[in-house]
Amino acid sequence: MNAPVSDMQAAAVARNAPGRFVTFEGGEGAGKSTQMRRLASRLEEAGVRVVATREPGGSPRAEVLRRALLSGKAAGLGAFGEAVLFGAARIDHIDTLIRPALAGGAWVICDRFADSTRAYQGAAGKAKPELIAALERVVVGPMKPDLTILLDLDPEAGLARARARAGGDAADRFEGEQLAFHTALRTAFLDIARQEPGRVRVVDAARAEHEIADEIWALTRAAFPAELKRGEQ
Ligand code: T5A
């Protein structure tokens, strides 16, 4: 099912930058932050300079928008209005952090990116797909990830993990949605993976952390064989 490496390299050529851009996607509590940390360590051990970041956020202005979005203050704007705010945060994140880091040769690893807007505001939130697609073209342009790891997990299991981690803290804007919303998200992410098999790799996130990490490392090395020669030793 994995697409040829040339598909991976096409995105980097389009961006004309030496760094590589890897994103993690999935539902709530799927283990994105956990696996991002593990991949970053392995890449650093292989001699790669890594910039780890997240969305919404990742730059000071985008973090301000993150607080508004996750507090629910922007929910009254509707799904497309929220998508526009996620897009504004993404523009700043790309301009001030992602593009300069890639241009300088670092690898950027990002916890969520534009697929989350497609899934949360588009498919699950029911904003019109053509509007979400147009917004993505304008906001992301050629800055598409080279590789996206989709951590696939039953939404009830993911929400239980997120709740356990939060202790008694209240659910945020999206964690608080009904189970049907989270089920729609899972379907939406898997649809994206089917539509873009050259970029998106689906990983079963119901297993032990180290097993998932090993698979992600194998997928990453397979996607970037030339860059990760040292990691194979
Ligand atoms: N959003 C975001 C949009 O709606 N549109 C957008 O365009 C974008 C970019 C961001 C929210 O914004 C929405 C989506 C989100 O709702 P967030 O606080 O950044 O919110 O939260 P999430 O990205 O959803 O991430 P979470 O923190 O909920 O989960 P992670 O990062 O997937 O999971 P992680 O690694 O923190 O793990 C959760 C718990 O599970 C444990 C961990 O130790 C932790 O306690 N865990 C495991 N337990 C058992 N087995 C494993 N394999 C485990 N892996 C981790």
Side-chain angles (χ1 to χ4, degrees), residues 23-41 52-59 62-63 65-75 77-94 97-98 109-127 131-133 135-136 139-140 143 145 148-167 169-178 181-182 184-186 188-189 192 203-216:
T23 57
F24 279 76
E25 297 280 4
E28 306 291 324
K32 297 176 299 300
S33 314
T34 304
Q35 294 300 332
M36 252 187 66
R37 280 193 296 275
R38 283 175 171 263
L39 179 63
S41 307
T53 186
R54 69 170 181 186
E55 287 207 351
S59 64
E63 290 289 333
L65 290 172
R66 175 187 175 93
R67 286 193 285 281
L69 283 158
L70 298 195
S71 68
K73 281 193 187 122
L77 296 172
F80 186 66
E82 287 182 298
V84 170
L85 287 188
F86 278 108
R90 187 161 298 134
I91 287 170
D92 192 64
H93 189 205
I94 290 171
L97 188 135
I98 297 175
I109 307 188
C110 190
D111 189 342
R112 298 195 180 280
F113 193 63
D115 295 327
S116 282
T117 308
R118 288 195 211 171
Y120 278 76
Q121 284 65 53
K126 301 197 170 34
L131 292 183
I132 295 291
L135 184 67
E136 184 175 321
V139 169
V140 175
M143 298 299 296
T148 295
I149 302 292
L150 170 56
L151 291 173
D152 179 53
L153 183 65
D154 173 75
E156 285 186 88
L159 287 167
R161 283 186 192 171
R163 271 195 296 271
R165 186 204 42 203
D169 291 353
D172 72 21
R173 157 80 182 91
F174 299 103
E175 281 165 5
E177 288 281 359
Q178 300 296 311
F181 180 93
H182 296 284
L185 279 179
R186 185 185 196 185
F189 278 123
I192 294 171
V203 172
D204 174 5
R207 296 168 295 159
E209 273 182 42
H210 70 275
E211 277 180 55
I212 300 167
D214 286 347
E215 184 180 350
I216 291 171

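Counting starts at 1 for both ligands and their atoms, in listed order. Because the structure is a prediction, the values reported are computed rather than measured.
Using a distance-only test at 3.5 Å, with no hydrogens or angles considered, a donor-acceptor pair links the side chain of Glu25 to the main chain of Phe113.
For atom 33 (O) of ligand 1, the closest non-hydrogen atom of the protein is Gly31 N, 3.1 Å. Closest to atom 31 (O) of ligand 1 among all protein heavy atoms lies Ser33 OG, 2.6 Å. The protein non-hydrogen atom at the shortest distance from atom 38 (C) of ligand 1 is Arg165 NH1, 3.7 Å. Here the heavy atom of the protein found nearest to atom 9 (C) of ligand 1 is Arg90 NH2, 3.5 Å. Ranking the protein heavy atoms by distance from atom 42 (C) of ligand 1 puts Thr34 OG1, 3.9 Å first. Nearest protein heavy-atom neighbour of atom 7 (O) of ligand 1: Thr117 OG1, 2.6 Å. Protein heavy atom at the shortest distance from atom 29 (O) of ligand 1 is Gly29 N, 3.2 Å. Atom 21 (O) of ligand 1 has its closest protein heavy atom at Glu28 OE1, 4.3 Å.
Ion pairing between Arg207 and Glu215 holds under the 4.0 Å rule for side-chain N and carboxylate O. A salt bridge between Arg173 and Glu82 is present, with a side-chain N of the basic residue lying under 4.0 Å from a carboxylate O of the acidic one.
The contact set between ligand 1 and Arg207, taken as ligand atoms under 4.0 Å from a residue heavy atom, comprises 50 (N), 51 (C), 52 (N). Taking every heavy atom of Gln121 and a limit of under 4.0 angstrom, the matching atoms of ligand 1 come to 3 (C), 4 (O), 5 (N), 6 (C), 7 (O). Interface atoms of ligand 1 facing Ala30, defined by a heavy-atom separation under 4.0 Å, are 32 (O). Counting the atoms of ligand 1 from 1 in the order shown, those under 4.0 Å from a heavy atom of Ile212 are 52 (N). Each of the following atoms of ligand 1 lies closer than 4.0 Å to a heavy atom of Phe174: 4 (O), 12 (O), 13 (C), 16 (O).
Closest heavy-atom approach to atom 24 (O) of ligand 1 within the set Arg38, Glu177, Arg37, Arg112: this belongs to Arg112. Of all the listed residues (Glu209, Arg161, Glu211), Glu209 holds the heavy atom that lies closest to atom 43 (O) of ligand 1. Between atom 18 (O) of ligand 1 and the options Glu175, Glu25, Arg66, the minimum heavy-atom separation is to Arg66. In this structure, of Lys32, His93, Arg173, the residue bringing a heavy atom nearest to atom 32 (O) of ligand 1 is Lys32.
Backbone and side-chain nitrogen or oxygen atoms of Glu55 are examined, and none is located within less than 3.5 angstrom of a nitrogen or oxygen of ligand 1. At a 3.5 angstrom cut-off on N or O pairs, Leu70 does not count as close to ligand 1.
In this structure, Gly26 does not count as a contact residue of ligand 1, since none of its heavy atoms falls inside 4.0 Å of the ligand.
In this structure, Arg112 is not positioned above the aromatic face of Phe24 in the sense of NZ or CZ being under 6.0 Å from the six-membered ring centre and within 45° of the axis.
Judged purely by distance below 3.5 Å, without hydrogens or angles, the side chains of Glu177 and His182 never pair a donor atom with an acceptor atom.
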